[in-house]
Colleague: 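Here it is, the structure, as structure tokens.
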Amino acid sequence: MRRSLFAQDHEDFRLLVRDFIAREVVPAYEDWRRAGLVPRELFTAMGKLGIIGTAIPEEYGGGGQDDYRFNVVIQEECARAVVTLGGLRTHLDVVVPYFTSLADAGQRARWLPGLASGELYTAIAMSEPGTGSDLAGITTRAVRAGDHYVLNGAKTFITGGHHADLVIVVARTATDPGDRRAGLSLLVVEKGTPGFAVGRTLEKIGLSTQDTVELSFTDVRVPAADLLGEEGAAFSHLGRNLAQERLAIAVGAVAQTRAAIDLTVSYVRDRTVFGRLLSHFQNTKFELAAMAAESEAAQCLLDAAVAAHVAGELSAVDAAKTKLFCTETQGRVVDRCLQLHGGYGYILESPIARLYADARVTRIYGGTSEVMKTIISKSLGL
């Protein structure tokens, strides 16, 4: 399918990313997968090449290109190589925008150079053991004490929390009985701050190189200067970035769907069943034809959403539609691709098995498919 989303700058960037992944990621990926963690040095290496600093203003050492399409290229090239770097996606697509949009002058001077160079890696701590998607139910508290906040609470399902140098923590700084969403603030907690502890790493079905951890905060003293954005305004701050977070999940979903189809086409051309190539069976042809059509439909929807986002026009409803369609398509297609691989597809050394395991969570995180349907139905007046 011919795409018109990218300009030459993006395609030049794509070659840089593709070369880096081939040299620095693919040869070591199996070791990282077994270890359940990518090395911290990976992000510094990407920073030196300018791969992860594109959205940071030039005066802070970044590329000065506030263009989400560069992030899209990174995800597409990871999927092309059948590697999953979920922590990188969260850092770039979810967390960094909070710093670039909310940090004051002093914070920008302290943090943005490190974000551009890869010396600083980030995570965001929203979910709690008892809240999940219900952010209004957050119980982690931060009490103002002079020029500090005293932070207490626990977070779970935190992507990148093992390596993170800076963690944006969503905490309750005030209570309003009439509005559960009010009184939440964003505090930036630095690695090594007394009372801040990284707990156990959670074992997952998929995303094996993505560390997902529990965090705890016990009387952590956070300088008031490390409040990000307005006190009590976290809910609105979080809401403004949700469209990009959901779009990012859709980007990965479509790219991995395409990778699954490519793997399967290659496999059926080589696999012999009952004395015939698997690719010669009508069922194989029909299945892959249908999958190709579904994939291209998802790609068209996604590219339109990315273009709207770059233009500042992507609505929360359209982001929800895009995430819903693209992730549900991913689930169906990757499942059918695994079926065509037969028993081999169920073995974890098979790339299709890893794509299958990684695909399941895309219909859950960033807002479940049911939440997306709720958002969409409200736009219909239902």
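In what follows, residues are counted from 1 in the order of the sequence shown.
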Colleague: Less than 3.5 Å apart, any donor N or O on the side chain of Gln299 or Asp303 sitting next to an acceptor on the other?
Modeller: yes
Colleague: Should Arg23 and Asp19 count as an ion pair when the cut-off is N to O under 4.0 Å?
Modeller: yes
Colleague: Would you call the rings of Tyr344 and His341 parallel, tilted or perpendicular, taking 30° and 60° as the class edges?
Modeller: parallel
Colleague: Taking the six-membered ring of Tyr149 as reference, does the NZ or CZ atom of Arg221 fall below 6.0 Å from its centre and within a 45° cone about the axis?
Modeller: no
Colleague: Should the pair Arg240-Glu245 be classified as a salt bridge under the 4.0 Å nitrogen-to-oxygen rule?
Modeller: no
Colleague: If you draw a 6.0 Å radius around CD in Glu30, do more than 12 non-hydrogen atoms from other residues or ligands fall strictly inside?
Modeller: yes
Colleague: Look at atom CG of Asp165 and say whether more than 12 heavy atoms of other residues, nucleotides or ligands are closer to it than 6.0 Å.
Modeller: yes
Colleague: Does His91 form a ring-ring contact (aromatic ring centres under 6.0 Å, His included) with Tyr121? I'd like the steps, not just the answer.
Modeller: CA-CA 7 Å; His91 169 73; Tyr121 175 66; 5.2 Å; yes
Colleague: Are the charged groups of Lys48 and Glu41 less than 4.0 angstrom apart, N to O?
Modeller: no
Colleague: With a 3.5 Å cut-off and no angle check, do the side chains of Gln8 and Asp12 form a donor-acceptor pair?
Modeller: yes
Colleague: Does atom CZ of Arg40 have more than 12 heavy-atom neighbours from other groups under 6.0 Å away?
Modeller: yes
Colleague: Between Glu214 and Lys155, does at least one N-O distance fall below 4.0 Å, as a salt bridge requires?
Modeller: no
Colleague: Can we call the ring centroids of Phe70 and His10 under 6.0 Å apart?
Modeller: yes
Colleague: With a 4.0 Å cut-off on N to O distance, would you call Lys373 and Glu370 a salt bridge?
Modeller: no
Colleague: Got more than 12 heavy atoms from elsewhere within 6.0 Å of CD1, Ile205?
Modeller: no
Colleague: Do Thr84 and Asp358 have side-chain atoms, one donor and one acceptor, less than 3.5 Å apart?
Modeller: yes
Colleague: With a cut-off of under 6.0 Å to the ring centre and 45° to the axis, is Arg276 in cation-pi contact with Phe281?
Modeller: yes
Colleague: Give the minimum heavy-atom separation between Ala174 and Arg172, together with the two atoms involved.
Modeller: O-CG, 3.0 Å
Colleague: Which of these passes salt bridge (charged side-chain N to carboxylate O under 4.0 Å, His left out) with Arg258: Glu296, Glu76, Glu294?
Modeller: Glu76
Colleague: Closest heavy-atom contact between Ala253 and Cys326?
Modeller: CB-O, 3.8 Å
